[in-house]
Amino acid sequence: MKINYNYIKVIGLLLLVGFLFAFSNHRNKTRKVSEPNITFLGENKLFITDANVSKLLIQNREPVSQQPKEIIDLNKLESALKSNPMIKRAEVFMSVNGALSAEIEQKRPIARVNTNASYYIDDEGGFMPLSHNYTARVPLVTGNIDKNKLETVFQFAKTVDEDDFLKKHIIEIRQNDDNTIDFKIRRNSFRVHLGTLKQLEKKINNFKAFYQKALKDQVLDNYAVVNLKFDKQVICTKK
């Protein structure tokens, strides 16, 4: 009987490939996950730390590092990160060799509510808790504030945030019981009554013109109230 060595070689090669595949697959499944590499995106990197994020990267009540790669659920880890009210966006991914990485974008506060409950309003109008790591320099929000009805305050705070002049000068935003807005500026004691947000751009332009004229005439400290309620004029009440 003639032996077909080519046939034996093919069988041997297939067995070898199968063995190597099984070995590699087993080794890959039991590979331990490395310490997570955490990257903060954008300008806001001050409110939560690497340690805060690492505490959220937990599976089976244990840190993900040193756990087998095969049991790691990236979707659950992303959901855990996104559940943190400081985090705006999060993405978690893992390389073939078990290197775990997380990319984090923190929320950006534009105002700080300072009533019975203190918290930030972020640049999308959402809730953001205060941070033990950093305090943002943003206008304080006072008055009649409902955490579930922040739209009016948010819209004005957003206008302030997007305007260099207002951002430089406004230090407090007050929402009155009738939902109208007052604000105070840096270095002067008078109160500015904005009224509603109707004709907001025109009211703001009126205030800028008034401020520049009063600053030039050195009379800013003479006023107790500056009323912008009427979009065609600025009415001032002296002390």
Side-chain angles (χ1 to χ4, degrees), residues 43-44 46-47 85-86 88 106-132 134-239:
E43 298 178 359
N44 296 300
L46 303 169
F47 299 101
M86 292 279 190
K88 185 175 185 178
Q106 298 182 30
K107 292 182 179 180
R108 186 173 72 86
I110 61 173
R112 175 177 174 174
V113 175
N114 188 29
T115 55
N116 292 333
S118 294
Y119 53 90
Y120 292 119
I121 301 172
D122 70 21
D123 60 351
E124 294 183 341
F127 164 83
M128 178 180 175
L130 302 184
S131 170
H132 295 295
Y134 181 75
T135 300
R137 297 184 62 183
V138 292
L140 291 178
V141 175
T142 60
N144 185 5
I145 306 297
D146 184 339
K147 185 177 177 180
N148 298 313
K149 298 179 181 179
L150 296 172
E151 183 62 23
T152 299
V153 167
F154 165 63
Q155 288 299 331
F156 184 63
K158 186 177 180 181
T159 298
V160 173
D161 182 65
E162 294 172 350
D163 186 292
D164 290 340
F165 176 87
L166 298 181
K167 193 171 184 177
K168 176 182 177 182
H169 288 89
I170 292 181
I171 59 172
E172 180 181 342
I173 301 169
R174 179 177 180 81
Q175 182 165 273
N176 302 310
D177 292 343
D178 60 358
N179 223 37
T180 59
I181 295 293
D182 292 353
F183 64 85
K184 292 184 178 180
I185 65 172
R186 200 180 309 277
R187 299 192 184 93
N188 296 102
S189 60
F190 59 79
R191 172 174 59 89
V192 181
H193 180 60
L194 180 72
T196 67
L197 300 188
K198 293 180 179 179
Q199 300 289 322
L200 180 58
E201 184 177 356
K202 184 175 290 187
K203 291 177 181 179
I204 293 302
N205 289 336
N206 288 345
F207 176 71
K208 290 178 180 179
F210 155 77
Y211 182 89
Q212 297 297 342
K213 180 68 167 58
L215 180 64
K216 181 179 179 181
D217 295 341
Q218 299 182 352
V219 295
L220 284 172
D221 292 331
N222 295 348
Y223 303 114
V225 179
V226 175
N227 194 336
L228 305 175
K229 182 178 179 179
F230 307 100
D231 59 7
K232 294 183 179 179
Q233 58 183 326
V234 176
I235 301 175
C236 300
T237 302
K238 291 188 176 181
K239 292 180 179 178

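Computation of the quantities below employed the complete heavy-atom set of this structure, encompassing side-chain atoms and omitting hydrogens, waters and symmetry-equivalent molecules.
Nearest heavy atoms, Lys239 versus Ser189: NZ-OG, 3.3 Å. Scanning both residues, Tyr119 and Pro129, for their nearest heavy atoms gives CB-CA, 4.5 Å. Shown here for Phe156 and Ile170, the closest heavy-atom pair between the two residues is CZ-CD1, 4.0 Å. The heavy-atom pair separating Leu220 from Phe190 by the smallest distance is O-CD2, 3.4 Å. A pairwise comparison of heavy atoms in Phe154 and Asp122 identifies CE1-O, 3.7 Å as the closest pair. Shortest non-hydrogen contact noted between Gly143 and Thr115 is O-CG2, 3.7 Å.
At most 12 heavy atoms of other shown residues, nucleotides or ligands fall within 6.0 angstrom of atom NZ in Lys238. Heavy atoms from other residues, nucleotides or ligands lying under 6.0 Å from NZ of Lys208 number more than 12. Glu162 CD: more than 12 foreign heavy atoms inside a 6.0 Å radius. Annotation for Gln233: atom CD counts as buried by contact number, over 12 foreign heavy atoms lying within 6.0 Å. For Asp164, the CG atom counts as loosely surrounded, since its 6.0 Å shell holds 12 or fewer non-hydrogen atoms of other residues, nucleotides or ligands.
Between Val113 and Lys147, the closest side-chain pair of non-hydrogen atoms is not below 4.5 Å. Counting only heavy atoms from C-beta outward, the side chains of Thr180 and Leu194 never approach each other to under 4.5 Å. With contacts defined as side-chain heavy-atom distances shorter than 4.5 Å, the pair Arg187/Ile185 does not qualify. Using a 4.5 Å cut-off on side-chain heavy atoms (C-beta onward), Met128 and Pro109 make contact. Counting only heavy atoms from C-beta outward, the side chains of Leu166 and Thr159 approach each other to under 4.5 Å. The side-chain heavy atoms of Leu197 and Ile181, taken from C-beta on, include a pair separated by under 4.5 Å. Proximity of Leu228 to Val192: side-chain heavy atoms (C-beta onward) are separated by under 4.5 Å at one or more points. Side chains of Gln106 and Lys88 form no contact here, defined as non-hydrogen atoms less than 4.5 Å apart.
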Would you sort out whether Val160 and Ile110 count as a side-chain contact (heavy atoms from CB on, under 4.5 Å), showing the intermediate values? CA-CA 9 Å; Val160 173; Ile110 61 173; over 6 Å; no
Passes side-chain contact (heavy atoms from CB on, under 4.5 Å), Ile121 versus Val153? Steps please.
CA-CA 9 Å; Ile121 301 172; Val153 167; 3.7 Å; yes
**Message:** If you apply the rule side-chain contact (heavy atoms from CB on, under 4.5 Å), what do you find for Glu172 with Val141, and how did you get there?
**Reply:** CA-CA 6 Å; Glu172 180 181 342; Val141 175; over 6 Å; no
What verdict does the side-chain contact (heavy atoms from CB on, under 4.5 Å) test give for Phe210 and Val226, after you've listed the backbone C-alpha separation in whole Å, the side-chain angles of each residue and the deciding distance to 0.1 Å?
CA-CA 9 Å; Phe210 155 77; Val226 175; 3.7 Å; yes
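No donor-acceptor distance shorter than 3.5 angstrom exists from the side chain of Gln175 to the backbone of Thr142, with no hydrogens or angles considered. Side-chain N or O atoms of Asp217 include none that pairs as donor or acceptor with a backbone N or O of Val219 at under 3.5 Å. Remark: the backbone N or O of Lys198 is paired with a side-chain donor or acceptor of Lys203 at under 3.5 angstrom. Side chain of Thr135 to backbone of Ser131: no donor-acceptor contact under 3.5 angstrom is found.
The line from NZ of Lys232 to NZ of Lys202 is 6.5 Å long, rounded to the nearest 0.5 Å. Rounding to the nearest 0.5 Å gives a distance of 4.5 Å between CG of Asp182 and CZ of Arg191.
Centroid-to-centroid, the aromatic rings of Phe127 and Tyr120 stay 6.0 Å apart or farther. Phe183 and Phe207 have their aromatic ring centers within a separation under 6.0 angstrom.
In the model, Asn188 has a side-chain atom that pairs as donor or acceptor with a side-chain atom of Asp221 under 3.5 Å. Under the 3.5 Å distance criterion, with hydrogens and angles disregarded, a donor-acceptor pair is assigned to the side chains of Asn179 and Thr152. His193 and Asn227 share no donor-acceptor pair across their side chains, judged by distance under 3.5 Å alone.
Taking a cutoff of 4.0 Å between a charged side-chain nitrogen and a carboxylate oxygen, Lys167 and Asp163 do not qualify as a salt bridge. Taking the charged nitrogens against the carboxylate oxygens, Asp123 and Lys107 have no contact shorter than 4.0 Å, which rules out a salt bridge.
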